[in-house]
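All remarks here apply to the structure that follows.
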There are 2 protein chains.
Amino acid sequence: MVDVAREAGVALRTVSRVVNGDATVGDELAARIRTAIDRLGYRPDVRARQLRSGRTGTIGAAVRHIADAHPVLRAVDETAREAGLTVVAMSTEDDPEREREAVMSMCGRRMDGIVIEPIADGHQYLQPEIDNGLAVVAFDRPATGVEVDTVLSDNRGGIRQAFAHLAAQGHRRIGYIGDDERIYTGHERAAAFRHCLREAGLPVEGRVHPGPIDDRRIGAALESLRRGPEGVTALVTGNFSTTVAVIRALGPDFGSLALVGFDDFGLADLLRPGLTVVAQGEREIGRTAIELFRARLAEPARPVRTVIVTTSLIVRGSGEIAP
Amino acid sequence: MVDVAREAGVALRTVSRVVNGDATVGDELAARIRTAIDRLGYRPDVRARQLRSGRTGTIGAAVRHIADAHPVLRAVDETAREAGLTVVAMSTEDDPEREREAVMSMCGRRMDGIVIEPIADGHQYLQPEIDNGLAVVAFDRPATGVEVDTVLSDNRGGIRQAFAHLAAQGHRRIGYIGDDERIYTGHERAAAFRHCLREAGLPVEGRVHPGPIDDRRIGAALESLRRGPEGVTALVTGNFSTTVAVIRALGPDFGSLALVGFDDFGLADLLRPGLTVVAQGEREIGRTAIELFRARLAEPARPVRTVIVTTSLIVRGSGEIAP
DNA sequence: TTGAAAGCGCTAACAC
DNA sequence: GTGTTAGCGCTTTCAA
């Protein structure tokens, strides 16, 4: 920048004005400065600018995998962009330590705030940063140990939709396989399913199989659900990975029992039969996250809010197989 | 940092030493400083540090969509991480303007370099940055108008594999539907397919359908390929999106002609029949990109290299249907 | 082993 | 309209 100023024969501040589009610079000077900028290949240093001016206009997104399909992240990115914010994403790989690293790295870059898909069990470490003015929005799962704005899916409602859909077709022996109950969504969904069974006056025993996402574990759960004369005629799977593992385990039997999966995905309609799913409102979740974020930035002291986004049932065939 | 120094009753430089793990600080002082850091919730400002010290240890990745599944990005992230580099990803949305914005933003952050999946037609704008010491590695498609290290798939070899596989089973009427030829990979693959036809002494006319990824366009191409007594018995699709569009257009006819798709994907084995594909070596591409990157950083003047990564055929059923 | 001063590239605040 | 000065938070250089 000094070089540009010298080249154009003006003061530093004037170059700064031109770079920032300040109108109060004479046309002739401005042109001369722009020429100098081009000739020298000058590029303003964002870091120095931020250092001096305070705000960064940047929001960090700490998500499971930046390299996986992530509709919420997509909506976050788009919405933030429309609001003139830059989104920088980092992976947590579902590892509490990496989550912390990512968040700390974002704090070190003095981002205006972060949007986080929490993993770790205690997020107390966020408290000092929040006190320091960091805006934090959690989505998909709540953060623990701190109070932050949160966007969640209606997990219980979604399970209810799936169950009611199958029950309405006359299924009475319905099973559930899903994620580990130590994970928030895994717990919510398994608990909601148990609740549905009880409410319908059906036995719970042996019908609900939460646990780690592992082909062997899921194969065994499926086996146990289908075995014997009381074997299930319908199945609800608790998330995308479980759904895929179950379809794989079913092999040619896919289509012989009714199946509704939690989470929609791009190729669900190409399966035979097409997969009936409970879809989360991912775009809405992302949009809401950015809304809460901006509201917090505008008014740091406002009370913390939690928004629940509804799910919807998408009928494609696999859930409409008779008992 | 000033506050920490005051709190601990030492000079600024001493705090800096502790923060950076410099051993030349007395144990007692170091402990006192660490206490002060914790009490004040002090977090070093990465930007200020970089501003003063030069190197950033950060690499920018400009890819199509950060929110889509992207195996190359995943490999880039992992490999860079192992090398102690931080990866920050931004979306280009396949839009030349956004590509430029992303790259400029990365330059403004003074990243050590960028890994880019080029879209724009002219990348001349990168030249001044490269002259300035920016390390650039292109992957998937070559950059135009500048000489940079590049990692590409063996597009022609991949098409050859698909064609040979189908021909070996006795198919003689084989068609191709793929991406627009204005896109590098679209051109390479369509050209390679034409070459295969000619080499086998088969007619080219009407058998090769490159064009935009659009359900109507692809449906029409498929229709025209299958029509009449000379309708094709086998098909090669030029990339993931085309493959999906073709399977959708085929509907219940999927499985009635042989199909080999370019690009593997997670659920290819769940289709009926399973989808036979030409898989790109995406992990290898990502790893190689970071290798080239580090080599360039270490020796800025080294000659530019282009690495071609081979593809492999994965047999799952759809490509093994008799003529 | 520790400290003081200078300065990375930029903008805010105030002169002129 | 334009220039001057100070300082963002840190590390580097050099002196003690």
Side-chain angles (χ1 to χ4, degrees), chain A residues 1-34 36-37 40-58 86 104-112 128-129 132-134, chain B residues 1-34 36-37 40-58 86 104-112 128-129 132-134:
Chain A
M1 185 151 167
V2 191
D3 299 338
V4 174
R6 190 174 26 230
E7 176 89 8
V10 298
L12 238 115
R13 180 71 186 97
T14 312
V15 178
S16 171
R17 281 201 178 94
V18 170
V19 169
N20 290 289
D22 189 327
T24 69
V25 178
D27 289 353
E28 194 242 334
L29 258 196
R32 212 162 72 208
I33 290 170
R34 262 188 277 274
I37 287 177
L40 273 59
Y42 164 77
R43 229 14 75 242
D45 189 320
V46 178
R47 301 164 305 172
R49 173 181 300 180
Q50 288 180 3
L51 195 56
R52 184 65 247 250
S53 67
R55 269 288 151 81
T56 65
T58 305
T86 302
M104 284 312 162
S105 156
M106 288 167 178
C107 292
R109 273 149 227 266
R110 299 294 187 270
M111 305 204 161
D112 290 350
E129 316 298 342
N132 234 324
L134 185 76
Chain B
M1 186 150 167
V2 190
D3 300 336
V4 174
R6 191 172 26 232
E7 175 89 8
V10 297
L12 238 106
R13 179 68 187 98
T14 314
V15 178
S16 171
R17 282 202 179 92
V18 170
V19 169
N20 290 291
D22 189 325
T24 70
V25 178
D27 289 353
E28 194 242 336
L29 258 196
R32 212 161 75 210
I33 291 170
R34 262 189 278 273
I37 287 177
L40 272 59
Y42 164 75
R43 216 57 35 251
D45 188 320
V46 178
R47 302 165 304 174
R49 172 180 299 181
Q50 288 180 2
L51 194 55
R52 187 63 246 253
S53 66
R55 269 288 151 79
T56 66
T58 303
T86 302
M104 283 313 162
S105 156
M106 288 166 179
C107 292
R109 274 150 227 265
R110 299 294 187 270
M111 304 203 163
D112 291 350
E129 316 297 341
N132 236 322
L134 186 76

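Values below: every heavy atom of this structure, side chains too, minus hydrogens, waters and symmetry copies. In the text below, chain A, chain B and the rest are named by the order of the sequence lines, each starting its count at 1.
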Fill in: Pairing of A/E7 and A/R32 as salt bridge, 4.0 angstrom limit
no
Once you round it to whole Å, what is the distance between [atom2] of [N] and [atom1] of [X]?
{"X": "A/D45", "N": "D/dG9", "atom1": "CG", "atom2": "C1'", "result": "14 Å"}
{"X": "B/D3", "N": "D/dC8", "atom1": "CG", "atom2": "P", "result": "11 Å"}
{"X": "B/R47", "N": "D/dT11", "atom1": "CZ", "atom2": "P", "result": "14 Å"}
{"X": "B/R109", "N": "C/dC10", "atom1": "CZ", "atom2": "C1'", "result": "15 Å"}
{"X": "B/I37", "N": "D/dG9", "atom1": "CD1", "atom2": "C1'", "result": "14 Å"}
{"X": "B/I33", "N": "C/dT2", "atom1": "CD1", "atom2": "C1'", "result": "10 Å"}
{"X": "B/D22", "N": "C/dG3", "atom1": "CG", "atom2": "C1'", "result": "14 Å"}

Rounded distance [0.5 Å steps], [atom1] in [X] versus [atom2] in [Y]:
{"X": "A/R17", "Y": "A/T24", "atom1": "CZ", "atom2": "OG1", "value": "5.0 Å"}
{"X": "A/T86", "Y": "A/D112", "atom1": "OG1", "atom2": "CG", "value": "9.5 Å"}
{"X": "B/T14", "Y": "B/D22", "atom1": "OG1", "atom2": "CG", "value": "10.0 Å"}
{"X": "B/R47", "Y": "B/R109", "atom1": "CZ", "atom2": "CZ", "value": "10.0 Å"}

Item to complete: Answer whether the closest heavy-atom distance between the side chains of B/L12 and B/S16 falls below 4.5 Å.
Response: no
Practice prompt. Tell me what B/T14 touches on the nucleic acid: a base, only sugar-phosphate, or nothing, going by heavy atoms under 4.0 Å.
Written response: sugar-phosphate
Worksheet item: A/V10 near the nucleic acid: base, sugar-phosphate alone, or nothing, with a heavy-atom cut-off under 4.0 Å?
Response: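 It contacts sugar-phosphate atoms only.
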Practice prompt. Using a 4.0 Å cut-off on protein heavy atoms (strictly under), produce a 5'-to-3' string for nucleotides 11-16 of chain C with B for base contact, S for backbone-only sugar-phosphate contact, and - for none.
Written response: BBBB--
Response to the item:
Among D/dT4, C/dG3, C/dG9, the one nearest any side-chain atom of A/L51 is C/dG9
